[in-house]
Visitor: 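Below is one structure. I have some questions about it.
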Protein chains: 2
Amino acid sequence: MAATPQANAQPGERISEAEHAVMEVLWEEAPLCAQDVCAKVCAARGWSLPTVKTLLARLVTKQALSTTRDGKRFLYSPAMARSDYVGTESRRLVDRLFGGRAAPLFAQLAQAEALSDTDIAEIEALLKELKS
Amino acid sequence: MAATPQANAQPGERISEAEHAVMEVLWEEAPLCAQDVCAKVCAARGWSLPTVKTLLARLVTKQALSTTRDGKRFLYSPAMARSDYVGTESRRLVDRLFGGRAAPLFAQLAQAEALSDTDIAEIEALLKELKS
DNA sequence: CTCCATCGTTTACACACGTAATCGACTACG
DNA sequence: CGTAGTCGATTACGTGTGTAAACGATGGAG
């Protein structure tokens with residue numbers, strides 16, 4: 001049984017940007033069938049239904065989604081927590097660009113004026129909590 | 001002059017991860033010739049010299065590097081500031097994962113215990129400065 | 001002045017990704 | 001019971017990326 005190229009896929013398999021858009025929809029609401037996902041994601045990205053189906057299939061292969069049969073169709077649900085994904089992605093960036101240190105990232109955002117007053121207030125609150 | 005596929009390349013062209021490793025070396029020290037870059041980057045990544053040459057060439061095409069002739073070889077220097085790259089990449093992530101808001105990213109890092117005491121202290125100091 | 005080492009350039013190739021059409025099966029309506 | 005619509009699966013294809021060999025020019029050693 002000569003494994004086809006895509007046949008093997010570890011759970012750690014990387015989720016691409018387009019795939020992420022699909023995950024985002026399902027993290028917001030699940031389970032959904034392909035059409036529902038398409039309706040939501042196509043509105044934002046302008047993809048066609050076949051495209052969304054491909055992405056769903058690839059995500060299932062990568063074990064990022066799980067499926068349940070519902071009559072003739074499938075219902076898709078996330079098989080990984082959004083916080084996990086967000087966590088590893090954030091960590092990736094911090095490692096790659098800031099040597100694993102979070103402070104320089106913060107400095108970067110501050111300098112780029114990417115921090116709103118609300119952000120600053122929230123971060124301040126978080127800091128207070130961390131120190132307690 | 002039928003433009004070859006790669007012939008056109010805007011300055012905004014995206015820098016891939018492998019290319020970024022090369023940029024990193026040149027941001028640390030420049031200008032350098034291909035061999036010097038290779039010596040540094042190959043130690044960390046285990047690439048061969050041809051590979052590094054390809055990456056350098058692609059980066060020149062993307063206008064992320066500039067070159068000066070030095071006898072028979074080229075000296076490569078970054079044509080974009082590291083802070084610019086780091087800025088856009090950070091922004092990208094924050095936009096994609098946190099709806100453009102920095103506070104949730106911070107919360108994420110805090111929750112993942114990715115914040116050292118030093119980080120917290122530095123961020124606190126930055127906050128104080130921002131509010132003044 | 002010739003030849004070799006060394007550049008940068010060109011070409012190569014497999015795989016991931018974005019995007020999509022087509023196909024075969026199955027369900028539901030008539 | 002047949003047929004049309006719909007679903008997931010299969011196949012497709014161009015481009016970017018990671019990785020590298022082959023090639024052609026050129027400058028420096030002898």
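All of these numbers come straight from a predicted model, not from anything done at the bench. So that the names make sense, note that chain A is the first sequence line, chain B the second, and so on, each numbered from 1. We use all heavy atoms of the structure for the numbers below, so side chains are in, but hydrogens, waters and symmetry mates are not.
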Visitor: Under the side-chain contact (heavy atoms from CB on, under 4.5 Å) criterion, do L55(B) and W47(B) qualify, and how do the steps go?
Guide: CA-CA 11 Å; L55(B) 294 173; W47(B) 292 332; 3.5 Å; yes
Visitor: For L56(A) and dG18(C), give me the distance from atom CG to atom P, rounded to whole Å.
Guide: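 Atom-to-atom, L56(A) to dG18(C), this comes out as 14 Å.
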Visitor: Please state whether the phosphate of dC7(C), meaning OP1 or OP2, lies under 4.0 angstrom from any side-chain nitrogen or oxygen of Q35(B).
Guide: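 Q35(B) to dC7(C) OP1/OP2: side-chain N or O found under 4.0 Å.
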Visitor: Just to verify, what does C33(B) make a side chain to side chain contact (heavy atoms under 4.5 Å, CB included) with, not counting sequence neighbours?
Guide: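 If we apply the side chain to side chain contact (heavy atoms under 4.5 Å, CB included) test to C33(B), skipping adjacent residues, the hits are Q35(B), D36(B), R73(B), L75(B).
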Visitor: Could you tell me how far apart L49(A) (CG) and dG18(C) (C1') are, to the nearest whole angstrom?
Guide: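 Result: 16 Å.
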Visitor: Using whole Å, what does the distance between atom P of nucleotide dA16(C) and atom CZ of R14(A) come to?
Guide: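 Rounded to the whole Å, the gap is 13 Å.
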Visitor: Under the side chain to side chain contact (heavy atoms under 4.5 Å, CB included) test, which residues partner L109(B), sequence neighbours left out?
Guide: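 L109(B) satisfies side chain to side chain contact (heavy atoms under 4.5 Å, CB included) with S90(A), V94(A), A102(A), L105(A), L105(B), A114(B), L115(B) once adjacent residues are dropped.
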Visitor: Please set out all donor-acceptor pairs under 3.5 angstrom arising from side-chain atoms of residues 20-29 of chain A, sequence neighbours excluded.
Guide:
unit_1	atom_1	unit_2	atom_2	d
H20(A)	ND1	R96(B)	NH1	3.2
H20(A)	NE2	E24(A)	OE1	2.6
E24(A)	OE1	R82(A)	NH1	2.9
E24(A)	OE2	R82(A)	NH1	2.5
W27(A)	NE1	M80(A)	O	2.9
E29(A)	OE1	K40(A)	NZ	3.0

Visitor: To the nearest Å, how far apart are L75(A) CG and dC7(D) P?
Guide: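 To the nearest whole Å, that distance equals 11 Å.
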Visitor: Write down the distance between CD (E13(A)) and P (dC17(C)), rounded to a whole number of angstrom.
Guide: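 Value for this atom pair: 7 Å.
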Visitor: Please report, rounded to the nearest Å, how far the P atom of dT9(C) is from the CZ atom of R73(B).
Guide: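 About 15 Å, once rounded to whole Å.
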Visitor: Distance check, rounded to the nearest 0.5 Å: F106(A) atom CZ versus I123(A) atom CD1?
Guide: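 Between F106(A) CZ and I123(A) CD1, I get 4.5 Å after rounding to 0.5 Å.
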Visitor: Can you give me the N/O atom pairs linking the protein to nucleotides 1-5 of chain C at distances under 3.5 Å, or say none if there are none?
Guide:
none

Visitor: Partners of K128(A) by salt bridge (Lys or Arg N to Asp or Glu O under 4.0 Å), sequence neighbours excluded?
Guide: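 So K128(A) forms no salt bridge (Lys or Arg N to Asp or Glu O under 4.0 Å) with any residue.
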Visitor: Quick test of your reading of the model: are R92(A) and E17(B) salt-bridged, counting only N-O distances below 4.0 Å?
Guide: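 Answer for the salt bridge query: yes.
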Visitor: Pull out every protein N or O sitting under 3.5 Å from an N or O of nucleotides 18-20 of chain D, one pair per line with the distance.
Guide:
unit_1	atom_1	unit_2	atom_2	d
dG18(D)	OP1	E17(B)	N	3.4
dG18(D)	OP1	A18(B)	N	3.1
dG18(D)	OP2	S16(B)	OG	2.4
dG18(D)	N7	R58(B)	NH1	2.9
dG18(D)	O6	R58(B)	NH2	3.1
dT19(D)	OP2	W47(B)	NE1	2.5
dT19(D)	O4	R58(B)	NH2	3.2
dA20(D)	OP2	S48(B)	N	3.3
dA20(D)	OP2	T51(B)	OG1	2.9
dA20(D)	N7	T54(B)	OG1	3.2
dA20(D)	N6	T54(B)	OG1	2.5

Visitor: Answer with base, sugar-phosphate or nothing: what part of the nucleic acid does A34(B) contact at a heavy-atom distance below 4.0 Å?
Guide: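 The residue A34(B) makes sugar-phosphate contact but no base contact.
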Visitor: Measure from CG on L65(B) to C1' on dG8(C) and round the result to the nearest Å.
Guide: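 One finds 14 Å between C1' of dG8(C) and CG of L65(B), rounded.
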Visitor: Can you tell me the distance, in whole Å, between the CZ atom of R69(B) and the P atom of dG27(D)?
Guide: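 In whole Å, dG27(D) P and R69(B) CZ are 7 Å from each other.
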Visitor: Might you work through the salt bridge (charged side-chain N to carboxylate O under 4.0 Å, His left out) test for E122(A) and R101(B), ending with a clear yes or no?
Guide: CA-CA 11 Å; E122(A) 284 181 29; R101(B) 306 257 339 280; 3.3 Å; yes
Visitor: Evaluate the side-chain contact (heavy atoms from CB on, under 4.5 Å) criterion for residues L56(B) and V52(B): first the C-alpha distance (whole Å), next the side-chain angles of each, then the deciding distance (0.1 Å), finally the verdict.
Guide: CA-CA 6 Å; L56(B) 285 170; V52(B) 174; 4.1 Å; yes
Visitor: Do any side-chain nitrogens or oxygens of K53(B) fall under 4.0 Å of OP1 or OP2 in dC23(D)?
Guide: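 Checking K53(B) against dC23(D): no side-chain N or O falls below 4.0 Å of OP1 or OP2.
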